[in-house]
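Accompanying notes for the structure given below.
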Number of protein chains: 4
Amino acid sequence: MSTATRHLRQIEVGWGDCDPAGIVFYPNFYRWFDACSHALLIARGLSHRELAERFGIIGCGLIDTGARFTAPARFDDVLEAESQIGKLTSRTFTVEHVFRRGDTQICSGHEVRGCFAADQNAPGGIKAIALPDELRAALQ
Amino acid sequence: MSTATRHLRQIEVGWGDCDPAGIVFYPNFYRWFDACSHALLIARGLSHRELAERFGIIGCGLIDTGARFTAPARFDDVLEAESQIGKLTSRTFTVEHVFRRGDTQICSGHEVRGCFAADQNAPGGIKAIALPDELRAALQ
Amino acid sequence: MSTATRHLRQIEVGWGDCDPAGIVFYPNFYRWFDACSHALLIARGLSHRELAERFGIIGCGLIDTGARFTAPARFDDVLEAESQIGKLTSRTFTVEHVFRRGDTQICSGHEVRGCFAADQNAPGGIKAIALPDELRAALQ
Amino acid sequence: MSTATRHLRQIEVGWGDCDPAGIVFYPNFYRWFDACSHALLIARGLSHRELAERFGIIGCGLIDTGARFTAPARFDDVLEAESQIGKLTSRTFTVEHVFRRGDTQICSGHEVRGCFAADQNAPGGIKAIALPDELRAALQ
């Protein structure tokens with residue numbers, strides 16, 4: 001995958017992001033994954049607002065996520081986040097994330113996302129729909 | 001697995017746990033997974049304080065986590081969380097979580113955890129150690 | 001003020017609610033204030049959904065908040081939160097909160113809230129409106 | 001107060017920072033206040049680590065905080081945060097924050113902070129101490 005398709009972002013670890021053991025409370029990594037995915041989409045001209053307006057969806061929601069933690073991060077660390085589109089299917093796209101502090105990998109993870117539209121008849125009021133062609137094209 | 005080994009917990013979804021799409025912002029599920037795991041350990045007499053004092057560890061940290069989201073949860077939903085110990089190795093234990101709202105499964109997930117001790121020479125200042133026998137016994 | 005007008009709620013302090021100093025990261029107290037206010041409104045038959053449907057508002061938003069911290073709270077503490085309606089004006093209501101652990105006061109705080117309706121012409125797309133009479137009555 | 005004494009910081013509002021009304025869930029403003037205060041201290045050579053090592057304190061904890069919200073902020077807004085030291089007493093210092101989006105003020109707030117040291121005999125295990133002279137000097 002070419003450099004152009006990767007999205008880089010700096011993450012400053014805050015005091016409140018860390019737990020009594022002094023290391024990042026892990027759900028915050030997922031919060032940062034989400035921010036990276038939004039930034040990646042925005043960088044391709046696909047802000048949440050545009051997705052909603054063009055495709056009538058309520059958002060690119062999560063279907064499956066996961067992360068491996070290889071070294072701890074602490075308050076005041078600056079992490080480099082690298083995100084890119086992985087597997088793309090008719091109904092889902094995967095965003096892959098790697099976080100590093102200098103040469104040390106801190107964690108890696110993925111988010112499988114789909115497009116969700118409001119549907120009063122669906123359980124929970126939303127249903128997954130096929131990815132719009134324009135979105136698929138922007139993600140390739 | 002017998003009922004006795006499962007840990008149940010109710011989760012009230014707060015206003016601030018939800019995003020502009022009106023559904024739970026997914027990192028919060030991991031926050032709740034963590035709370036469920038701590039509650040499960042405490043129910044077995046293994047609070048963080050006791051783990052630290054008895055075994056000289058700084059905590060049961062995360063190695064790998066993941067979750068699948070099957071239906072959305074919204075503000076004011078009350079979720080039933082069911083957590084149990086899954087795979088147990090010499091160095092790790094897995095906590096498996098399922099969240100439901102009534103009969104509807106909202107998400108399922110796992111946390112692979114290990115014991116970490118302070119070590120000035122290790123990268124990041126902590127290293128994984130083998131699970132203490134007493135902890136292994138309590139988890140079986 | 002009579003007992004009936006106070007709303008009580010238990011707060012379990014989670015591992016991830018605490019910072020590297022081992023005490024609650026203070027913005028979480030405001031998160032709990034918000035949860036207490038929503039619970040107080042729901043106890044008076046005024047869930048967010050009902051407020052939105054009956055009065056056409058997008059929510060009871062914040063105008064001013066504050067808190068004093070008198071003793072630290074730590075992981076696994078169970079706090080008793082007591083919330084009640086304070087000052088009521090034509091456009092605002094104040095919710096007052098006190099958190100205690102046993103006999104020890106942990107913090108006290110307030111939230112001045114108003115009703116906000118969508119308004120395309122207002123800066124930010126929302127404007128404060130007078131409290132609906134029915135809401136005022138329910139708060140007295 | 002001269003420009004040099006103000007600390008500026010950009011805040012990107014994330015998707016997960018906003019609630020179902022589409023605006024920032026207000027406790028996040030306090031999270032950002034805290035980050036601004038830490039950054040201000042670090043800019044004056046007073047990281048948490050240095051404070052702890054030089055003065056034997058566990059941190060600059062909160063005594064009183066407050067905020068006024070004047071206009072809503074939404075996902076993808078970039079806020080400019082301006083923070084400066086306000087009132088300084090023998091035992092406390094106040095950090096004052098103003099957040100703006102372009103010319104629009106979003107919120108203003110304050111944090112009264114003190115120095116806390118571990119004390120097994122104090123309720124909660126910590127006690128407030130007088131500000132070390134070196135800290136007072138750095139804050140002036």
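Throughout, protein chains are lettered first and strands after them, A, B, ... in sequence-line order, and every chain is numbered starting at 1.
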Sequence neighbours excluded and cut-off under 3.5 Å, please list the side-chain donor-acceptor pairs for residues 121-136 of chain D, or say none.
from	atom 1	to	atom 2	distance (Å)
D:Glu134	OE2	D:Arg54	NH1	2.1
D:Arg136	NH1	D:Thr89	O	2.7

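Other residues, nucleotides and ligands contribute at most 12 non-hydrogen atoms within 6.0 Å of the CD atom of D:Glu12. For D:Glu50, the CD atom sits in a packed shell: over 12 heavy atoms of surrounding residues, nucleotides or ligands are nearer than 6.0 Å. The environment of CZ in A:Arg68 is sparse: at most 12 heavy-atom neighbours from other residues, nucleotides or ligands sit within 6.0 Å.
Residues of residues 30-39 of chain D lying under 4.5 angstrom from chain A, judged on non-hydrogen atoms, are D:Arg31, D:Asp34, D:His38 in numerical order.
In this structure, NE2 on A:His48 lies 7.5 Å from CZ on D:Phe75, to the nearest 0.5 angstrom.
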